[in-house]
Number of protein chains: 2
Amino acid sequence: MLKEAGDSREDRVPLSRERVLNCAVAVADGGGLSSLTMRSLAKELGVKPMALYHYFTNKDEILDGIVDLVFGEMELPSAGGHWREEISRRAVSARSVLRRHSWAIVLMESRSRPGPATLRHHDAVLGTLRGAGLSLAMTGHAYALLDAFVYGFAIQEAALPFDRGTAPEVTASIAARFSPEAYPHLVEFATERALQPGYDFGEEFEFGLDVILDVLERMIARGNGDDP
Amino acid sequence: MLKEAGDSREDRVPLSRERVLNCAVAVADGGGLSSLTMRSLAKELGVKPMALYHYFTNKDEILDGIVDLVFGEMELPSAGGHWREEISRRAVSARSVLRRHSWAIVLMESRSRPGPATLRHHDAVLGTLRGAGLSLAMTGHAYALLDAFVYGFAIQEAALPFDRGTAPEVTASIAARFSPEAYPHLVEFATERALQPGYDFGEEFEFGLDVILDVLERMIARGNGDDP
DNA sequence: ACCTGAACACCGTTCAAGT
DNA sequence: ACCTGAACACCGTTCAAGT
């Protein structure tokens, strides 16, 4: 499927945790999470399934690993810059990473052993918010709000039936189930807004992010005080 | 597992789509999505796996069905009341439903055939926002922001390692991996805030929701104008 | 119409072995 | 140390049958 699948030649690179995890991400990117099995992964690596168990105790450990790889792809906010620009850059990056690897969103829900990249990521965001002058309590409020939005937006984007260049027939078959009598507002919104040529759901991200950054800005301007 | 599992008596209620779906929700609630298999579901219903295929063409159709059941559990905003109270009540209800059925969050990402309860739900929310005076474009902004927050918060809650009454040993084993030198802000936040006795992550929901409702209120007060 | 049995091509994983 | 073969208890699903 990727590269040259069936190369079980003698001169191949030996296995390693890193090589397995990178391949696992590629497999999931290509065919979704359901296509990532110990057997498909082994085949892609030119190896027998059991070989993987020499590097990972089970599949769960591989899933933990690729979630951490995904976190590692997100840009960290740097301590040097202005908080708003840094937090914004990180949010935009997180969203685009989750768009590339939309299978990762559902995995994040079930992982309970965060890896080093995940921890470093959270540490950097918390540090930036604290550095901007927010109290611990306000930092918690801000981070929960910000990341709920980022993850939630990623879910919505992944769930979109009419994604990047879906065939019009799919859109039509969905629209056909929308009876204007039963769902008047849904039909109005779909036909006059969401399905209009110019509409791009992705732009809702910038809107929501700006709104949230404005909220944080007011929280920071107000100092460490009580809830607004 | 639930009720009387092994009752394959002659006097049992005949199968139906509704009965299968309700049972499927119960199985997923009890043992997570991975425990919901055609075989486990059939056993719970006191029937052979193949019987299910008389009511559903495949497992995907069952998953579509239970997602719609979950949407059906969420309170709809009523057209009569004040928008803020209605939208707030609906958001609180959606969150608590997703907490009860946290397996549903990941399913929502992959379903592309929304059922009637799902459509009715979206229609009611859109209608409430439109009724409050928002333009179509603003309604789109508002709904994306609101639901990204609701779904994203649900994901965060589901991912919490220290959920409702997790054993302290689990918390400790996670905390042990937090080196204060490597992750100073994370350790600070965990020890001085998140792991404090009084802290309840759920309260971040009310904070975020109020903030978003305030934003909508300003959008509405400003009329149908441009982006803020 | 409603349900079943046997079978197929898959899973993750264990256990004992090869080099 | 690194990889394999055979086997086990699972999956979803097809196909042909029972009542």
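Please read these numbers as outputs of a predicted model, since none were measured by experiment. Here is how names work: the chains are called A, B, and so on, in the same order as the sequence lines, proteins then strands, and each is numbered from 1.
- For Leu15(A) and dT4(D), the CG to C1' distance is 13 Å, given to the nearest whole Å.
- Take Phe201(B) and apply the ring-ring contact (aromatic ring centres under 6.0 Å, His included) test, not counting sequence neighbours, and it matches Phe153(B).
- Look at NZ on Lys48(B): it is 17 Å from C1' on dG12(D), rounded to the nearest Å.
- Per the geometry, CE belonging to Met38(B) stands 15 Å off C1' belonging to dT4(C), to the nearest Å.
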Step by step, would you call Tyr199(A) with Glu204(A) a side chain to side chain donor-acceptor pair (under 3.5 Å)?
CA-CA 10 Å; Tyr199(A) 185 74; Glu204(A) 306 291 11; 2.7 Å; yes
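- Side-chain atoms of Asp68(A) do not come within 3.5 Å of backbone N or O of Phe71(A) as any donor-acceptor pair.
- The side-chain heavy atoms of Arg90(B) and Val125(B), taken from C-beta on, include a pair separated by under 4.5 Å.
- For the pair Arg39(B) CZ and dC11(C) P, the interatomic distance rounds to 15 Å; values are reported in whole Å.
- Judged purely by atom type and a 3.5 angstrom limit, Tyr55(B) uses its side chain to pair as donor or acceptor with the backbone of Leu15(B).
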Output field dot_bracket for DNA chain C (Watson-Crick or G-U, both distances under 3.5 Å, | for other-strand pairs) contains ||.|||||...|||||.||
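- Taking each heavy atom of Ser34(B) and Gly31(B) in turn, the nearest pair found is OG-O, 4.3 Å.
- A centroid separation of 6.0 Å or more is found between the aromatic rings of Tyr143(B) and Phe189(A).
- Distance check: Ile62(A) CD1 to Leu36(A) CG gives 7.5 Å after rounding to the nearest 0.5 Å.
- Near DNA chain D, meaning a heavy atom under 4.0 Å from it, residues 50-66 of chain B has Met50(B), Tyr53(B), Asn58(B), Lys59(B) in order of number.
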